[in-house]
Amino acid sequence: MKVLVAVKRVIDYNVKVRVKADNTDVDLTNVKMAINPFCEIAVEEAVRLKEQGVASEIVVVSMGPKECQEQIRTALALGADRGIQVQTDEKLDSLAVAKLLKAVYEQEKPDLIILGKQAIDSDNNQTGQMLAALAGLPQGTFASEVKVEEGKANVTREVDGGLQTVALNLPAVVTTDLRLNEPRYASLPNIMKAKRKPLDVKTPEDLGVTITSTISLLKVEPPAERQAGIKVGSVDELVEKLKNEAKVI
Amino acid sequence: MSILVLAEHNNASLNAATLAVVAAAKAAGDDIHVLVAGSGCGAVAEEAAQVESVSKVLVSDDPAYAHQLAENISTLVAEVGKGYSHILAAATTTGKNVMPRVAALLDVDQISDIVGVDSADTFRRPIYAGNAIATVQSSAPVKVITVRGTAFDNVAATGGTAAVEQVAAAGDAETSAFIGEEMAESDRPELTAAGIVVSGGRGMGNGENFEILYSLADKLGAAVGASRAAVDAGFVPNDMQVGQTGKIVAPELYVAVGISGAIQHLAGMKESKIIVAINKDEEAPIFQVADYGLVADLFEAVPELTGKV
Ligand SMILES: Cc1cc2nc3c(=O)[nH]c(=O)nc-3n(C[C@H](O)[C@H](O)[C@H](O)COP(=O)(O)OP(=O)(O)OC[C@H]3O[C@@H](n4cnc5c(N)ncnc54)[C@H](O)[C@@H]3O)c2cc1C
Ligand SMILES: Cc1cc2nc3c(=O)[nH]c(=O)nc-3n(C[C@H](O)[C@H](O)[C@H](O)COP(=O)(O)OP(=O)(O)OC[C@H]3O[C@@H](n4cnc5c(N)ncnc54)[C@H](O)[C@@H]3O)c2cc1C
């Protein structure tokens, strides 16, 4: 079984972003970038499926400028077999990413496609569902457990009220939640080996996709700042403040 | 043009999240229809018809919609919704699961998790775990949007008198099947709707220790939440996670106990009206957003607090 994993290059999750002074966007100059944490979990899940003998090949794909090859290399070091970069310097909204992924899906014909449930920059939580709709595939979003057996993927999903399990006919799309697994660290020998693994570069034109968007970004502003309040000295003082000052209890 | 709101429900009753979505719809236009897709969901349609500002309720009652499977619901919503100016749903796990599919079927971008409506085509939404607010304009013929409930005041659940119309089901995609669910049973208020939330973090140490938070919560009539660290460590189930990738809450009072205040956690609670932090580390970042901070050992402070409120 072949698994396709989509990975996105995003700001490192430890970095607190700042909005540019002219409010056009956030400032990403010289900011540490990394593989989106949910995508890392997606790669790990694919690698585990391969270790269990369920998956035979793992292809990782990323859309974006040349720098996203770094994240593809990270995924290769974690155990993916080969990479595809779809080279574009254009702003990609989720629908555009989903259209590119659909084209890659049609070329590669994987049985399972694993994505992160959301990218921690735009926090959209859309791409996997859009890909599934475009390709006419079932989806298991926010997965905390994936079992592949007899042509089906049984996916346990983290939903608002608890957990839900669905059975999906393959091929299917899965998006990862935080508790699906804990990604391993890439070892140095594997990082070296990853440098020699194949990485193809394609363009949206090669894939027959024209990138468009119906969304324009008018401005980006910092959120309203909360003022730090006071420290209270005792539980009694806290109760007094909550009752008489804040009037919330 | 009219606005279509996808109702969130469990086939028996309408989820209050829908009331905030109708409020957002009112800010974008005035003729608001609600689509109830479910199985044996007549009572939900009756409830939706009474919601303030709703002029029409469309019901599609079919076994294919019993568990809100996205493969089945999305084709119906896209079919019914294509003549509308906007299609809105709550940014709950159900809305997030279905709406991007609807957008893709209609070949339009989706705008996720809006917190403000500036005009019929311009919306505000948090990005980067709420560390920036983007204002985006959509030129899509149908604007597909999910709404962050805590950012809008619910419309009244009663007072409306909308007509109820049946719409034909769009069939079963037969690519997915519901196997089962494990839903948390709790007598406490629902996390995203509660007026007071008490949350515990890694500092709680283990699952049994959460009992002291439950006692405090029951005294206050509060819901109980948790940080990711507490959920990952298995202290409490996943549906209690508050944060960027969990639930977004904005109660009158949020009490963070043994939580350090990572940006991903703050993203889920910093719109709360009053924040209280109880932490033994006076340098913990949670104190930077807390209205009232108490530097103390939670195992002493929490039981004392429970005794005094
Ligand atoms: C308001 C706004 C402003 C934006 N501004 C800019 C901008 O200035 N510059 C710019 O370059 N982009 C910009 N974007 C695009 C944005 O950064 C994302 O690239 C786009 O929205 C893709 O969706 P997502 O990452 O939010 O997807 P999500 O649906 O949150 O991501 C889910 C998963 O999809 C997969 N995925 C997403 N993107 C990729 C990818 N590129 N390659 C491989 N897999 C992927 C990953 O597995 C990821 O975990 C903007 C988007 C919005 C909404
Ligand atoms: C992609 C991604 C998404 C994430 N999403 C979320 C999310 O949605 N929600 C979320 O919460 N986190 C999320 N996180 C995790 C987040 O970064 C933090 O790791 C997490 O919030 C830490 O939880 P905590 O505050 O309970 O634990 P810690 O940071 O370990 O803090 C524990 C605190 O308890 C205090 N303490 C310990 N013992 C006592 C005592 N006896 N009395 C008083 N205080 C005590 C300590 O001083 C400390 O401040 C995410 C991370 C990533 C990478």
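We name chains A, B, ... by the order of the sequence lines, and we start the count at 1 in each one.
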- [ ] Check whether A:K243 gets within reach of chain B through its side chain, its backbone, both or neither, counting any heavy atom under 4.5 Å.
- [x] side chain
Task: Proximity breakdown for A:R18 and chain B, heavy-atom pairs closer than 4.5 Å - done: neither
Task: Heavy-atom proximity to chain A below 4.5 Å, by part of B:E271 - done: backbone
TODO: Identify which of A:N23, A:V159, A:T141 forms the greatest number of heavy-atom pairs closer than 4.5 Å to chain B.
DONE: A:V159
Task: Residue A:L170 versus chain B: region with a heavy atom under 4.5 Å - done: neither
- [ ] Heavy atoms only, distances under 4.5 angstrom: which of A:A98, A:P138, A:A228 has the most pairs with chain B? Name it, please.
- [x] A:P138
TODO: May I ask you to name which of A:Q227, A:K152, A:K219 has the most heavy-atom pairs under 4.5 Å with chain B?
DONE: A:K219
Open item on the list: Do B:V197 and B:M269 make a side-chain contact, defined as non-hydrogen atoms from C-beta onward lying under 4.5 Å apart?
Closed with: no
Open item on the list: Measuring only between side-chain heavy atoms, which start at C-beta, is B:P237 closer than 4.5 Å to B:E182?
Closed with: no
Open item on the list: Does any backbone or side-chain atom of A:V26 lie under 4.5 Å from a heavy atom of chain B? Answer side chain, backbone, both or neither.
Closed with: side chain
Task: Part of B:A290 within contact of chain A (heavy atom distance under 4.5 Å) - done: backbone
Open item on the list: Counting heavy-atom pairs under 4.5 Å with chain A, which one of B:T75, B:V231, B:N10, B:V102 comes out on top?
Closed with: B:V231
Open item on the list: Quick check on B:E304 against chain A: is it the side chain, the backbone, both or neither that has a heavy atom closer than 4.5 Å?
Closed with: both
Open item on the list: Pair A:R226, B:D291 - check salt bridge (charged side-chain N to carboxylate O under 4.0 Å, His left out), show working.
Closed with: CA-CA 9 Å; A:R226 269 194 97 91; B:D291 298 279; 2.7 Å; yes
Open item on the list: Tell me the closest heavy-atom pair linking B:P100 and A:M130, and the distance in Å.
Closed with: O-CG, 3.2 Å
Open item on the list: Which atoms of A:L238 are under 4.5 Å from chain B, going by heavy atoms: the side chain, the backbone, both sets, or neither?
Closed with: side chain
Open item on the list: So for B:A296, is it side chain, backbone, both, or neither that comes closer than 4.5 Å to the heavy atoms of chain A?
Closed with: neither
Task: Proximity breakdown for B:I111 and chain A, heavy-atom pairs closer than 4.5 Å - done: both
Task: Side-chain heavy-atom pair B:P126, B:V115 within 4.5 angstrom cut-off - done: yes
Open item on the list: Which one wins on heavy-atom pair count under 4.5 Å against chain B: A:V166, A:T165, A:D177?
Closed with: A:T165
- [ ] Find the one option among A:T212, A:N169, A:D160 whose heavy-atom pairs under 4.5 Å with chain B are most numerous.
- [x] A:D160
Open item on the list: Quick check for you: to the nearest 0.5 Å, what is the distance between B:R124 atom CZ and A:L218 atom CG?
Closed with: 11.5 Å
- [ ] Heavy atoms only, distances under 4.5 angstrom: which of B:E252, B:E282, B:K247, B:K143 has the most pairs with chain A? Name it, please.
- [x] B:K247
- [ ] Report the option among B:V295, B:V276, B:L220 that has the most heavy-atom pairs separated by less than 4.5 Å from atoms of chain A.
- [x] B:V276
- [ ] Measure distances from A:A132 to the heavy atoms of chain B and classify the residue's part below 4.5 Å as side chain, backbone, both or neither.
- [x] both
Open item on the list: If you apply the rule side chain to side chain donor-acceptor pair (under 3.5 Å), what do you find for A:D123 with A:Q118, and how did you get there?
Closed with: CA-CA 6 Å; A:D123 282 337; A:Q118 84 194 57; 3.0 Å; yes
- [ ] Would you indicate whether the side-chain heavy atoms of A:I120 and A:F38 approach each other to under 4.5 Å?
- [x] yes
Task: chain A contact via B:S74 - side chain, backbone, both or neither, heavy atoms under 4.5 Å - done: neither
TODO: Salt-bridge test for A:E149 and A:K147: reply yes if a basic N is under 4.0 Å from a carboxylate O, no otherwise.
DONE: no
TODO: Could you tell me which portion of A:V19 (side chain, backbone, both or neither) has an atom closer than 4.5 angstrom to a non-hydrogen atom of chain B?
DONE: side chain
Open item on the list: If the threshold is 4.0 Å, N to carboxylate O, is there a salt bridge linking B:D113 and B:R125?
Closed with: no
TODO: Quick one: which of B:D107, B:V309, B:V98, B:D121 has the most heavy-atom pairs under 4.5 Å with chain A, could you say?
DONE: B:D107
- [ ] Take the angle between the ring planes of B:H86 and B:F123 and call it parallel below 30°, perpendicular above 60°, tilted in between.
- [x] perpendicular
- [ ] Kindly indicate whether the side chain of A:V155, heavy atoms from C-beta on, has any atom under 4.5 Å from the side chain of A:E145.
- [x] no
- [ ] Against chain B, label A:I230 side chain, backbone, both or neither, depending on which of its atoms sit under 4.5 Å from a heavy atom there.
- [x] both
Task: Closest approach of B:A173 to B:N72 (non-hydrogen atoms, all atoms of both residues) - done: N-OD1, 2.8 Å
Task: Which portion of B:E174 sits near chain A, non-hydrogen atoms under 4.5 angstrom - done: backbone
Open item on the list: Please identify, among B:Q110, B:E181, B:K308, the residue contributing the most non-hydrogen atom pairs under 4.5 Å to chain A.
Closed with: B:Q110
Task: Most contacts with chain A, counted as non-hydrogen pairs under 4.5 angstrom, among B:L305, B:N238, B:L294, B:N131 - done: B:N238
TODO: Could you pull out the closest heavy-atom pair between B:A104 and A:L95, with the gap in Å?
DONE: CA-CD1, 3.9 Å
Open item on the list: Is the shortest side-chain heavy-atom distance between A:P183 and A:N181 below 4.5 Å?
Closed with: yes
Open item on the list: Using heavy-atom distances under 4.5 Å, tell me whether A:V173 contacts chain B through its side chain, its backbone, both, or neither.
Closed with: neither
TODO: Among A:Q129, A:Q139, A:Q164, find the one that has a side-chain hydrogen bond (donor to acceptor under 3.5 Å, both in side chains) with B:N97.
DONE: A:Q139
Task: Contact winner vs chain B - A:L168, A:L178, A:I249, heavy-atom pairs under 4.5 Å - done: A:L178
Task: Salt bridge flag under 4.0 Å for residues A:E67 and A:R9 - done: no
Task: Per-residue contact mode, B:I275 against chain A (heavy atom under 4.5 angstrom) - done: both
Task: Region of A:S234 that comes under 4.5 Å of a non-hydrogen atom in chain B - done: backbone
